[in-house]
There are 2 protein chains.
Amino acid sequence: MKIGQAARQSGVSPKMIRYYESVGLMRPVARHDNAYRDYSDRDVHELRFIRHARTLGFSVADIAALLSLWRDTSRESHEVHQIAAGHLARLDRQIADLQAMADALRELVRCCHNDARPDCPILTGLSGPSALMR
Amino acid sequence: MKIGQAARQSGVSPKMIRYYESVGLMRPVARHDNAYRDYSDRDVHELRFIRHARTLGFSVADIAALLSLWRDTSRESHEVHQIAAGHLARLDRQIADLQAMADALRELVRCCHNDARPDCPILTGLSGPSALMR
DNA sequence: GCTTGACCTTCCAATCATGGGAAGGTCTAT
DNA sequence: ATAGACCTTCCCATGATTGGAAGGTCAAGC
């Protein structure tokens with residue numbers, strides 16, 4: 001199967017399939033005589049795995065580790081658990097950071113008259129002694 | 001005042017100060033005879049404004065707009081409000097996306113034995129028919 | 001007067017995942 | 001034979017930030 005069909009079946013664009021190969025996430029795949037890449041159902045399966053992992057926000061580096069554990073049927077689940085828990089912690093930290101931003105901003109937005117007057121607490125808050133920045 | 005002192009007083013690194021100037025966020029500042037940039041207290045004030053806005057996650061493009069409204073004392077507060085509300089909406093969407101990721105991942109992590117056995121719901125979930133991907 | 005160290009300058013590169021596009025080769029159907 | 005739908009590789013851009021190289025400037029201490 002050529003790259004286009006593998007892309008359609010896996011939901012990963014041809015561009016990204018080649019990229020994943022170039023960074024060593026996917027092993028170089030077989031080639032036809034005309035140098036076209038040749039994908040098997042197993043490859044497509046692997047691409048779906050990658051897509052799902054990306055959907056959950058795993059980095060390409062994390063996915064490389066997950067893939068090698070996936071291929072190794074004798075892995076120990078705590079190795080997978082560790083990677084996933086680490087990423088989850090990163091996600092939670094990121095969410096907390098964004099939440100803090102959003103809360104501070106929401107308060108400023110709430111205070112703003114939102115009319116034709118020039119007076120604006122949003123600008124005051126941004127220029128001020130960062131009382132609202134915490 | 002030279003760039004280092006402006007950096008210390010504003011909390012913006014010299015690198016970033018030059019970057020903000022290069023992308024047109026800050027207007028080119030006066031220069032000494034030796035080509036060193038020369039910052040005023042007003043410039044430092046502006047840099048702090050930028051830093052606070054970055055802390056709230058505003059893009060450089062948004063900050064450019066906010067800065068020009070900040071400088072224009074006859075602005076109408078609804079213009080500021082619109083930019084801030086737009087960014088807030090983006091933040092909330094981003095948080096919701098990350099939250100969905102984290103929730104799905106948390107469920108997988110919760111199900112994993114986290115021991116020496118090879119059986120692992122995290123890997124199964126990632127390779128599977130994406131039931132847990134929603 | 002000369003060295004040392006702390007500054008400053010500009011320019012280039014890398015990060016991360018993704019997309020756009022050019023230039024060129026290949027296959028299939030008309 | 002030609003059109004168009006593929007494929008290939010290579011380069012570039014994104015956004016904010018950091019790192020580093022190569023070189024200029026200034027002050028203090030010897």
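Each chain gets a letter, A, B and so on, in the order its sequence line appears, and its residues count up from 1.
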Show me the pairs that pass salt bridge (charged side-chain N to carboxylate O under 4.0 Å, His left out) and involve residues 80-91 of chain A, at least two apart or across chains. D62(A)-R90(A)
Give a yes or no on whether a salt bridge exists between R117(B) and D119(B), defined as a side-chain N under 4.0 angstrom from a carboxylate O. no
NZ/NE/NH1/NH2 to OD/OE distance under 4.0 Å, E107(A) and R110(A): yes
Where does DNA chain D pair, written as one dot-bracket string 5' to 3', with Watson-Crick or G-U pairs under 3.5 Å, ( ) inside the strand, [ ] for crossing pairs and | for another strand? ||||||||||||||||||||||||||||||
Are [X] and [Y] connected, step by step, through hydrophobic side chains (Ile, Leu, Val, Met, Phe, Trp, Tyr) whose heavy atoms are closer than 4.5 Å?
X	Y	value
V44(A)	Y36(A)	no
I63(B)	L98(A)	yes
L67(A)	I83(A)	yes
Y19(A)	F49(A)	yes

Under 3.5 Å, side chain of D38(B) to main-chain N/O of M1(B), donor-acceptor pair present? yes
Could you tell me whether the side chain of R48(A) and the main chain of Q9(A) form a donor-acceptor pair under 3.5 Å? yes
How are the rings of W70(A) and H45(A) set relative to one another: parallel (under 30°), tilted (30 to 60°) or perpendicular (over 60°)? perpendicular
So, do [X] and [Y] sit near enough that their side-chain heavy atoms are less than 4.5 Å apart?
X	Y	result
K2(B)	R37(B)	no
H78(B)	D115(A)	no
V109(B)	R106(B)	no
Q94(B)	M101(A)	no

Below 4.0 Å from chain B heavy atoms, what is the first contacting nucleotide of DNA chain D and what is the last? dA16(D) to dC26(D)
Expected list for residues 32-49 of chain B near DNA chain C, using heavy atoms below 4.0 Å, is A35(B), Y36(B), R37(B)
Mind running a 4.0 Å heavy-atom check of residues 16-26 of chain B against DNA chain D and sending the residues that fall below it, in number order? M16(B), Y19(B), Y20(B)
Considering only heavy atoms, which members of residues 57-66 of chain A lie under 4.0 Å from some atom of DNA chain D? none
Are OP1 or OP2 of dG19(C) and a side-chain N or O of S13(A) less than 4.0 angstrom apart? yes
In this structure, how many angstroms lie between the C1' atom of dC27(C) and the CD1 atom of I3(A), rounded? 17 Å
Can you work out whether K15(B) or K2(B) has the more 5'-proximal nearest nucleotide on DNA chain C? K2(B)
Could you give the distance from CD (E79(B)) to SG (C112(A)), rounded to the nearest 0.5 Å? 11.0 Å
